[in-house]
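Quick notes on the structure that follows.
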Amino acid sequence: MAVIGTGYVGLVAGACFAEMGNKVQCVDIDEEKISKLKSGIIPIYEPGLEPIVKKNYKDGRLKFTTNLGEAVKASEIIFVAVGTPPKTSGEADLFYVERVAREIAANANGYKIVVEKSTVPVQTGEKIAETLKKYSNSAEFDVVSNPEFLREGSAVKDFMEPDRIVIGTDSDRAFAKMVELYKPLNSRIIRTDIKSAEIIKHASNSFLATKISFINAVARICELANADVEKVAEGMGADARIGKQFLNAGVGYGGSCFPKDVQAFIDISSKLGYDFNMLREVEKINKHQRTAFLKKIEGALWVVKGKTIGVLGLAFKPNTDDMREAPAIDIIKGLQEEGAHVKAYDPEAMENAKKLLKGVEYCSSPYEVAKGVDLLIIVTEWDEFKKMDLNKIKSAMAHPTIADGRNIFDPKEMYKKGFNYISMGR
Ligand code: UGA
């Protein structure tokens with residue numbers, strides 16, 4: 001089989017399929033990336049990925065190549081996992097998807113199952129099928145939509161232990177092949193038509209983003225009413241119909257998926273003739289969380305100009321080095337615009353952050369960040385921060401004020417330790 005595109009989804013899927021015993025060719029146009037992968041250099045930090053890439057490459061089950069034609073010829077199942085970046089309108093740019101479809105068509109030498117793994121707008125499957133037909137001489141194709149639900153930071157585990165596998169196809173032959181491929185995972189399989197599978201992906205991500213914005217709106221009400229959003233979330237989440245996951249209030253969602261997919265779903269809906277205004281509100285609340293956090297910092301410092309502020313956590317979530325749409329970007333830029341000097345530390349994302357955030361003093365530990373700062377903020381809830389020696393942090397700071405954008409500490413404990421502690425929705 002072939003996986004085209006070695007981004008987050010493509011690389012994890014390729015490595016995991018190889019780990020399941022398949023022969024996989026991972027294809028990318030980026031020669032440097034492919035040669036690095038061949039020498040065992042993984043472009044992303046993702047727990048558990050490196051060992052399976054190295055092992056399967058060494059055992060010959062996993063190959064890396066820039067030769068799409070050869071990979072297509074050698075494979076019956078071809079996963080398309082290329083990027084679908086947003087245009088300025090929010091619409092997904094399908095340039096790479098279309099090009100890959102043309103190249104698959106031109107190189108096909110028999111029956112091929114073309115599987116959409118990238119997140120694509122509904123009706124893309126139809127377009128892929130048309131393109132395959134248009135650019136191929138005689139080969140036979142089936143198109144399948146098989147959206148991926150893995151999360152960064154737990155991608156390998158999510159891939160290997162999915163809650164469900166969605167297989168959208170009109171072809172019984174392709175469905176049977178896909179079921180056989182996923183059999184070792186022993187997971188629940190949901191068969192749909194292609195379009196419904198495409199919508200499942202956008203609807204799932206938009207729903208999760210809505211859940212986060214909902215609890216963030218509730219957090220604001222809690223602040224106004226002097227209540228505790230953590231307790232409210234506990235009480236709500238205990239209802240099995242609601243569930244406790246994704247009810248953590250804070251500085252909001254970031255990453256390469258939720259912001260892009262919510263935007264894309266609004267665009268898709270509007271093109272189909274439905275105004276998904278509710279999702280615009282989800283975005284608005286998410287943006288507000290960052291400005292509200294900046295206001296809290298201003299409130300604590302009175303004047304930000306000339307102050308030194310320490311930032312713990314830069315990545316959009318823990319266990320990743322990904323800085324895409326990370327709340328830390330807007331927050332740090334906001335502080336710098338106000339005239340603050342910013343010191344920062346993140347266990348994995350500092351190399352990526354350096355490309356995006358200039359004028360920041362990057363440090364090698366939370367304690368180095370804390371040294372001499374007027375205020376310390378927590379933007380990403382890494383375990384390392386939950387376990388740090390707070391007495392050591394306090395004595396290093398010029399003033400013991402912590403603004404916690406992810407609610408990782410208990411306010412009562414923090415007051416007891418002598419901190420001026422500010423958090424979200426409590
Ligand atoms: C998300 C989905 O969870 C995956 O199912 C999906 O496959 C993926 O997008 C994708 O489309 O590729 P991911 O963006 O990796 O995964 O990370 P999440 O764990 O979902 O977190 C997204 C953002 O929401 C993070 O910034 C996180 O801090 C924030 N978040 C999450 C909250 O603010 N509160 C919560 O309660 C949960």
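FYI, the numbering just counts along the sequence from 1. The figures here come from the full heavy-atom set of this structure, side chains too, leaving out hydrogens, waters and symmetry mates. Just so you know, ligand 1 is whichever comes first in the structure, and atom 1 is the first atom listed for that ligand.
Side-chain atoms of L294 and L335, non-hydrogen and from C-beta on, do get closer than 4.5 Å to each other.
Applying the side chain to side chain donor-acceptor pair (under 3.5 Å) test to residues at least two apart or on different chains, the pairs with a partner in residues 92-101 are E98-R102. Within the structure, ring pair (Phe, Tyr, Trp, His ring centres under 6.0 Å) contacts touching residues 206-235 (residues at least two apart or in different chains) do not occur. Within the structure, side chain to side chain donor-acceptor pair (under 3.5 Å) contacts touching residues 14-27 (residues at least two apart or in different chains) are E19-K55, E19-N56.
Listed as neighbours of ligand 1 are E148, F149, L150, R151, E152, K201, N205, I212, F246, L247, N248, G252, Y253, G254, C257, F258, D261, F316, K317, R406, each bearing a heavy atom under 4.0 Å from the ligand.
Taking the six-membered ring for Trp and the full ring otherwise, Y182 and F17 have centroids separated by under 6.0 Å.
A cation-pi contact, defined as under 6.0 Å to the ring centre and within 45° of the axis, links K392 to Y367.
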